[in-house]
Participant: 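Quick one: this structure, given as structure tokens, is what I'll be asking you about.
We count residues from 1, following the sequence as given. What's counted below: heavy atoms across the whole structure, side chains too, no hydrogens, waters or symmetry copies.
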Amino acid sequence: MERSETVTEVFERAFYEPEKGNYGRWQPDALTDDALRERAKRLLREVNSALQDARDRIEHPAPAPELYFDFIESNAINAASKECSGLYVFGVTRPFLTTVPEVVTRLLARDAVWEVLRMTSNGSKEERAKAEQMLFDVLFVFVTNHELGHIVHGHTTEASEEWNRVRNDDAAVLPRQAAEIDADGYSCIATLNWLFSRLPPDMEGLGMPLLRLFIIAAASYLEAGAANVWDWTAQFAHPQYLSRVDFILGHTLAWCQEHYPLLGTSLSHEIVHRAFKAVEKCWPERSSRPLKEQVAELTAGPYEEWEHNVATERNRIRRLLAPFAWQVRAYQTGPDDALGEQPA
């Protein structure tokens with residue numbers, strides 16, 4: 001059935017949510033910074049082009065659903081995804097484009113970040129600019145792939161009464177945390193595939209810094225939530241920051257084992273700990289707390305029990321949403337007995 005609205009009109013309507021601080025579609029033409037405006041337009045073109053190219057990897061549903069990415073007008077740094085009028089829409093908010101470049105510049109001014117990357121920071125101005133664009137792009141791709149992961153796993157469907165009840169129930173914390181971990185998992189695989197597709201065959205020596213760049217990007221994005229004091233008795237929809245990175249490390253090591261087995265030895269809990277330290281307080285106007293405090297909060301509660309319960313919940317949600325999840329070549333969205341083994 002043909003839609004009466006354009007994709008941009010559907011996007012505008014889907015993300016006009018004043019109660020959530022979202023005010024529809026934002027257009028980068030209003031930006032006065034020429035470089036930032038061109039970057040926004042480049043990202044818009046590249047993401048939607050990549051979505052079209054990826055349609056042949058979607059095995060179910062068939063024909064492949066239509067996807068559209070754009071920018072959301074909001075004052076908060078966030079990302080979101082929805083199903084609306086038969087179209088799957090997702091995007092990042094305006095401040096992501098204006099604030100993250102500042103975060104990236106701050107990160108690449110830190111020797112600790114370069115030490116994790118095992119690269120020198122004494123490059124030319126042009127080399128530094130290329131490094132800043134690369135880190136920004138990895139951050140951006142990780143975040144957009146996370147939202148795409150919600151779509152692929154069926155989290156955006158409104159056709160399941162049970163799932164609608166769960167995601168609108170503030171007390172149903174574990175199912176929503178499980179969904180976030182699965183979206184992170186999809187993003188890990190998709191982002192690493194994208195990142196390493198840019199690696200020339202004769203330059204495999206750059207694999208380790210690329211892999212660590214991914215870890216820096218993921219840790220720095222999630223560090224935005226490090227200001228929130230974790231309380232095991234509170235009703236948080238997202239897992240604790242450190243626990244998410246633990247799962248991300250597990251997904252990354254599994255990806256390495258399949259594609260670049262020797263690269264997996266360049267990652268360890270020690271490297272990730274150094275990455276944590278390197279990205280501390282990288283966000284402007286956001287407080288952050290020492291890593292030691294965050295670890296203490298996490299380990300003060302039933303963490304092992306939570307890991308077991310969230311693995312069980314991931315399988316339950318996957319079974320519940322199986323009729324609505326997509327089948328993407330080389331990626332599993334169905335129940336998996338190994339889910340409980342993914343934290344590193």
Participant: Is V89 close to F69 at the side-chain level, that is, under 4.5 Å between some pair of heavy atoms?
Facilitator: no
Participant: Taking the side chain as C-beta and beyond, is there a heavy-atom pair between C188 and F247 under 4.5 Å?
Facilitator: no
Participant: Closer than 4.0 angstrom, basic N to acidic O: yes or no for E59 and R329?
Facilitator: yes
Participant: Side-chain contact test, heavy atoms from C-beta onward, threshold under 4.5 Å: evaluate it for L87 versus F11 and give yes or no.
Facilitator: no
Participant: Is the shortest side-chain heavy-atom distance between N164 and R167 below 4.5 Å?
Facilitator: yes
Participant: Is the distance between the ring centroids of F96 and W26 under 6.0 Å?
Facilitator: no
Participant: For E9 and R13: C-alpha separation, side-chain torsions, deciding distance, then whether salt bridge (charged side-chain N to carboxylate O under 4.0 Å, His left out) applies.
Facilitator: CA-CA 6 Å; E9 288 171 338; R13 180 163 55 85; over 6 Å; no
Participant: Indicate the ring-plane relationship of H155 and H153, choosing parallel, tilted or perpendicular according to the 30° and 60° boundaries.
Facilitator: parallel
Participant: Centres of the W255 and F196 rings: under 6.0 Å?
Facilitator: yes
Participant: Distance-only, no hydrogens or angles: does the T93 side chain make a donor-acceptor pair with backbone N or O of N78 under 3.5 Å?
Facilitator: yes
Participant: Less than 4.0 angstrom from a charged side-chain N to a carboxylate O is my criterion; do E161 and R165 meet it?
Facilitator: no
Participant: CE/M208 to OG1/T265 distance, rounded to the nearest 0.5 angstrom?
Facilitator: 9.0 Å
Participant: Just checking R42: does its CZ atom have more than 12 heavy atoms from other residues, nucleotides or ligands closer to it than 6.0 angstrom?
Facilitator: yes
Participant: Any chance you could measure L108, atom CG, to W114, atom CH2, to the nearest 0.5 Å?
Facilitator: 5.0 Å
Participant: If you take the centroid of each ring, where Trp contributes its six-membered ring, are Y68 and Y88 closer together than 6.0 Å?
Facilitator: no
Participant: Taking the basic N atoms (NZ, or NE/NH1/NH2) and the acidic carboxylate oxygens, is any pair closer than 4.0 Å for D29 and K41?
Facilitator: yes
Participant: Nearest 0.5 Å please: distance from the CD atom of E147 over to the OG1 atom of T144.
Facilitator: 9.0 Å
Participant: Determine yes or no for a side-chain-to-main-chain donor-acceptor pair under 3.5 angstrom, with N193 supplying the side chain and I189 the backbone.
Facilitator: yes
Participant: For residues H308 and Y303, establish whether the separation of their ring centroids is below 6.0 Å.
Facilitator: no
Participant: Checking S74 side chain against A76 main chain: does a donor-acceptor pair fall under 3.5 Å?
Facilitator: yes
Participant: Flag yes if F90 and Y23 sit in one hydrophobic cluster, no otherwise; membership is Ile, Leu, Val, Met, Phe, Trp, Tyr, and two members link when side-chain heavy atoms are under 4.5 Å apart.
Facilitator: no
Participant: With heavy-atom distances below 4.5 Å as the criterion, would you say the side chains of P65 and W326 are in contact?
Facilitator: yes
Participant: Between H273 and H269, does the ring centre distance come in under 6.0 Å?
Facilitator: no
Participant: Examine R94 relative to F71 and say whether NZ or CZ is less than 6.0 Å from the centre of the six-membered ring and inside a 45° cone about the ring axis.
Facilitator: no
Participant: Is V173 reachable from V166 through a run of hydrophobic residues whose side-chain heavy atoms are each under 4.5 Å from the next?
Facilitator: no
Participant: Looking at K130 and E127, does any basic side-chain N land under 4.0 Å from a carboxylate oxygen?
Facilitator: no
